[in-house]
Number of protein chains: 2
Amino acid sequence: MGAKRGLDAQTIMNAAAELAEQKGLENISLLQVADKLGVKSPSLYNHLNGVQELSIGIAKLAVSRLENAIRCAAVGRSKGEALMGIATAYRKYAKENPELYKAILRFPDYKDDNVQEAGHAVVRILYQVMEPYHYSEKETIHFVRGFRAALHGFVSLEEAGFFRGTSADVNESYDQLVDRLISSLTDRRES
Amino acid sequence: MGAKRGLDAQTIMNAAAELAEQKGLENISLLQVADKLGVKSPSLYNHLNGVQELSIGIAKLAVSRLENAIRCAAVGRSKGEALMGIATAYRKYAKENPELYKAILRFPDYKDDNVQEAGHAVVRILYQVMEPYHYSEKETIHFVRGFRAALHGFVSLEEAGFFRGTSADVNESYDQLVDRLISSLTDRRES
DNA sequence: GTTATAAACTAATTAGATTAGTTTGTCAAT
DNA sequence: ATTGACAAACTAATCTAATTAGTTTATAAC
């Protein structure tokens, strides 16, 4: 029977990512991924070493798509405008791919250089955008950490449903948060 | 055999929380919780309806402890000082209880009034602290959402290991972030 | 003391991950 | 064109975990 050579790791990751977005990150199994691909679950072991590698693969996929989205948002813009564009793209990505977005969080643990590398991609774009401000390296790092934390915190609390109780416009809350941080930057420059 | 009446839901949650902190939130099972309590896993079903209720229980526990920690941090302080105290206590809690902290995120989904209630506890303290600023209700909500998002985002990226690559002091990054937000508040008042 | 019941138990089913060992296409060298 | 090696699929089996059904037993109320 065995129809040969149908699969590779990338195909598996794509199928898994799609399944994750449909059924939730927690609810995917090798069994279901294999089903979706028309093979038996042990066959997947020819291309990956168990379910943890599946998680890593999904996380890499998620990060590289996020990186792409925010890179696009930054081109042709600078300083505050670029940061605002990145913030908007970041939240848009998280809203459109909530399960993939969650996958990003649970992965720097994996001590895989390749993965570490991917994890820094988002930050590297922010460093580039920060260049025109001429901050010191340390000051840049501090700001970028905070900025990214704010974006991540907001979108993940939003997705988790923490902002549902109150009526105030969530877009407005996000804009205000991002504005506060960007303003704190320009204020410093002008002082 | 059956030794009777040893358990209740609270005892189970406490054991589960302890186990979660030891072995990781993902790695706890009813089997292990039951073992730790000296019973068989089906016995747990007399006190809860499956593994999801265990998650809910752990989450409630985690939130109520967090609420307690930040409430203590706020007493006797006001405005910026109170917000800074809360920020410090928030991060301290997350660092000391990383697994419990993670549990908080995956729970507002559960449509349980009791849980929703607990989820708002942290925010309610922030509303109280904001009162002296005399912001409108909507403005208060916007700020509180952003503030909380920043705290959450920072501690969860930190715990996930996203700040490991660079050498800059992480405490300093956090202080700067919180300062930026608090300053943006007082600036507004003074304008 | 008897009895009802809650709380424990055992046994069995299901889903999932993983390993071992087997089969079968495909490709490359003859 | 044939064949032999290997990669990639397979089946079978094991293990862990959740969950359900049905049974037993301690205790509290009478």
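Note that this is a predicted model, so its numbers are computed, not measured. First the proteins, then the strands, lettered A, B, ... as listed; each starts at 1.
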Point to revise | Separation of atom NZ in K40(B) from atom P in dT16(D), rounded to whole Å | key: 14 Å
Exercise for review: Starting from P on dA17(D), measure out to CG on D35(B) and report it in whole angstrom.
Suggested key: 9 Å
Point to revise | Protein-nucleotide distance (I28(B), atom CD1; dA18(D), atom P), rounded to Å | key: 9 Å
Check your understanding: Does H47(A) place a side-chain N or O at less than 4.0 Å from the phosphate oxygens OP1/OP2 of dA7(D)?
Key -> no
**Study point:** Phosphate OP1/OP2 of dA8(D) contacted by S43(A) side-chain N/O (<4.0 Å)
**Key:** no
Practice item. Classify the side chain of N46(A) versus the base of dA9(D) as yes if they form a donor-acceptor pair under 3.5 Å and no if they do not. Key: yes
Check your understanding: Just how far, in rounded Å, is P of dA18(D) from CG of L48(B)?
Key -> 11 Å
Check your understanding: The side chain of S41(B) lies closest to which of these nucleotides: dT19(D), dT19(C), dA8(C)?
Key -> dT19(D)
Practice item. Report yes or no: does E67(A) contribute a side-chain atom to a donor-acceptor pair with the main-chain N or O of V122(A) at less than 3.5 Å? Key: no
Review point. Over how many whole Å does the gap from E26(A) atom CD to dA17(D) atom C1' extend?
Key: 16 Å
Exercise for review: Specify the separation, in whole Å, of atom CG of L30(A) and atom P of dA15(C).
Suggested key: 16 Å
Revision key, fill the gap. For Y90(A), the ring pair (Phe, Tyr, Trp, His ring centres under 6.0 Å) test, sequence neighbours excluded, returns Y101(A)
Point to revise | Nearest-neighbour nucleotide for the V51(A) side chain, dT20(D), dA9(D), dA17(C) considered | key: dA17(C)
Review point. Less than 4.0 Å between a side-chain N and a carboxylate O, is that true for K36(B) and E18(B)?
Key: yes
**Study point:** Among dT19(D), dA17(D), dA17(C), the nucleotide that comes nearest once only the side chain of S29(B) is considered
**Key:** dA17(D)
Exercise for review: In whole angstrom, give the distance that lies between atom CG of L44(B) and atom P of dC9(C).
Suggested key: 9 Å
Review point. Between T11(B) and N14(B), is any side-chain donor less than 3.5 angstrom from a side-chain acceptor?
Key: no
Review point. With side chains defined as the heavy atoms from C-beta onward, is the minimum distance between N27(A) and Q32(A) less than 4.5 Å?
Key: no
Study note, to complete from the structure: note: L31(A), atom CG; dT14(C), atom P; distance rounded to Å ~ 14 Å
Review point. What's the closest nucleotide to the P42(A) side chain, out of dT10(C), dA20(C), dA8(C)?
Key: dA20(C)
Exercise for review: Please check the phosphate of dA18(D) (OP1 and OP2 only) for any side-chain N or O of Q52(B) closer than 4.0 Å.
Suggested key: no
